[in-house]
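Written out below as structure tokens is the structure these notes cover.
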There are 2 protein chains.
Amino acid sequence: MSVAQTLDQRIREDIERNIRSGAWRPGDRIPFEHELVAEYGCARATVSKALTALSRAGLIERRRKAGSFVAHPHVQSAVLDVPDIGSVIAARGDAYRFELLKRGERKHAAGDPLEAAGAMLTIEGVHHAAGEPFGHEQRLISLAMVPQARDVDFTAEAPGSWLLGHVPWSEARHRIAAVPADARLARLLGIAPGTACLQLERWTWQLGKEVTWVRQTFPGDRYDLVAQFTPQSR
Amino acid sequence: MSVAQTLDQRIREDIERNIRSGAWRPGDRIPFEHELVAEYGCARATVSKALTALSRAGLIERRRKAGSFVAHPHVQSAVLDVPDIGSVIAARGDAYRFELLKRGERKHAAGDPLEAAGAMLTIEGVHHAAGEPFGHEQRLISLAMVPQARDVDFTAEAPGSWLLGHVPWSEARHRIAAVPADARLARLLGIAPGTACLQLERWTWQLGKEVTWVRQTFPGDRYDLVAQFTPQSR
DNA sequence: ACAAATATTATGACTAGACATAATACGGTC
DNA sequence: GACCGTATTATGTCTAGTCATAATATTTGT
């Protein structure tokens, strides 16, 4: 099967195979650490490393004194990659362009998706693939958090990829929904009003402070999200 | 801030804060393990545990001889929880019911979303919340993999939750798209034809063999997906 | 000057222990 | 038999070290 691998990986995979094959069912107790130590002839730290990994992956639950048990699956948990739009289009071999429609600056207003007070940069634009409209983007950037954004020319670079390079390693929350295109969106994207669109909203913050909010809307027939290789958890 | 925590967690969080705050930027070398050992006055295994976790989270890259470096973010990677529909509705405090529309059995046909040959169970139904239609489901189940499914009464329990309890710890691939409701779907869900719907497709397999395929469709105004707390990676 | 051989160094995996902690099982008391 | 304190036990975190491995620096040979 697989080639050279470490002992803790082998232990992990042996246990995982027993769980995924159904040989060990949810609720079953798996062997105690000291039993695995005896079986593999290794130190307890090595067994523990394997079990810690399985526990973090949600496959087992460890209980002091009682032992470790195969977890009960509850939700399907998937890792969803939300790539930069420019790179998605480039990967398909199409030319990419960001068309800046509007750019403004204003104070925080009630009902804004960004809750932090202070000055904000507002950006609206359309992503193009191979010359055709691909998706619409509405964005707010907190100027308190990213003052340099004031001096950036977003006709040359899309705000998303600029932010990725200049405000790295932030955190985010995503919301995915299906919405009909309103009249304005339909005109901008060259589609019929009411067309089903995939809408992705993302709030990004850095150390608990809001950096940017973006709402991207794509016609349903031009874009979909794929969440690959999905273990269950918890 | 936080209360009692382990030393490796503290080291991990200290480094993570430096990265997320932007103090250490992508490409920067973080302190060597032996420097962190001196700083925290602990064993190298403890520092290594923290760095291993950061590396698996995609925040740093470790290179032998060279040291460890802050990774360059590329895509937004989010953990998406796709819960069982029944529990979603129950969590909102509404009554849940699965209405079985059709149930059949047939051989594999060309173009089926499940590629494995053999007999398949076909199921169609509607999920109801508080007496109102909530979403539509079309499903195929491989009878070679789950022969017991033949004897289950899916009017009592939705196939999704039954499978979760009887074929645990499988793997899956998801696809999310926005589609307009066709005439039949519109009638079943009590919505206007063309209404924007969120469509979730899921292929599930166990140890490399296909178990089930499902396509769930929800009117856009009744359901959306939220991907929480999203670290970037790779 | 350039390439090959060698030394150095940081990470990676591991061992054989120690002590802490939480949950269970056991025993004795009322 | 119900209740409470104590002993036991499996996990959880950690130490102080070893040996291996991969990549960089340095030296050596031509």
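These numbers come from a predicted model, not from an experiment. Order of the sequence lines sets the chain letters (A, B, ...), proteins ahead of strands, with each chain counted from 1.
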Spacing between B/E61 atom CD and C/dT11 atom C1', to the nearest angstrom: 14 Å

A/Q9 CD to C/dG12 P, in whole Å, measures 13 Å

From CD of A/Q5 over to P of D/dT21, roughly how many Å is that when rounded to an integer? 15 Å

Ignoring hydrogens and angles, answer whether the base of C/dT21 and the side-chain atoms of A/R64 contain a donor-acceptor pair closer than 3.5 Å. yes

Just compare D/dT24, D/dC14, D/dA16 and give me whichever is closest to any side-chain atom of B/K65. D/dT24

Starting at atom CD1 of A/I30, determine the distance to atom P of D/dA10, rounded to an integer number of angstrom. 14 Å

It should be established whether A/S48 places a side-chain nitrogen or oxygen under 4.0 Å from OP1 or OP2 of nucleotide D/dG12. no

Quick one: label A/L7 by what it contacts on the DNA or RNA (base, sugar-phosphate, nothing), any heavy atom closer than 4.0 Å. sugar-phosphate

Quick one: B/R29 CZ to D/dA23 P, roughly how many Å, whole number? 18 Å

5'-most contact on DNA chain C: B/L51 or A/A43, nearest heavy atom basis? B/L51

Would you mind telling me which residue lines up with the more 5' stretch of DNA chain D, B/T46 or A/T52, judged by nearest nucleotide? A/T52

Using a distance-only test with no angle check, is there a side-chain donor-acceptor pair under 3.5 angstrom linking B/T212 and B/R202? no

Specify the separation, in whole Å, of atom CZ of A/R10 and atom P of C/dA13. 15 Å

Counting side-chain heavy atoms from CB outward, which of C/dA10, C/dA13, D/dC14 is closest to B/T6? D/dC14

Just how far, in rounded Å, is P of C/dC14 from NZ of A/K49? 6 Å

Ranking C/dC14, C/dT11, D/dT13 by distance to the side chain of B/A45, first place goes to C/dC14

Would you kindly check whether a donor in the side chain of A/R44 faces an acceptor in the base of D/dG12, or vice versa, at under 3.5 angstrom? yes

Looking at C/dA10, I'd like to know if its phosphate oxygens (OP1 or OP2) sit under 4.0 Å from a side-chain N or O belonging to B/S68. no

Using the ring of B/Y96 (Phe, Tyr or Trp, six-membered ring only), decide whether B/R92 places NZ or CZ under 6.0 Å from its centre and within 45 degrees of its axis. no

Could you tell me whether A/H127 and A/F134 have their ring centroids closer than 6.0 angstrom? no

Spacing between B/R63 atom CZ and D/dA25 atom P, to the nearest angstrom: 11 Å

Scan side-chain atoms only and decide if A/H128 and A/E99 contain a donor-acceptor pair under the 3.5 Å cut-off. yes

Does the side chain of A/W213 come under 3.5 Å of the side chain of A/E201 through a donor N or O and an acceptor N or O? yes

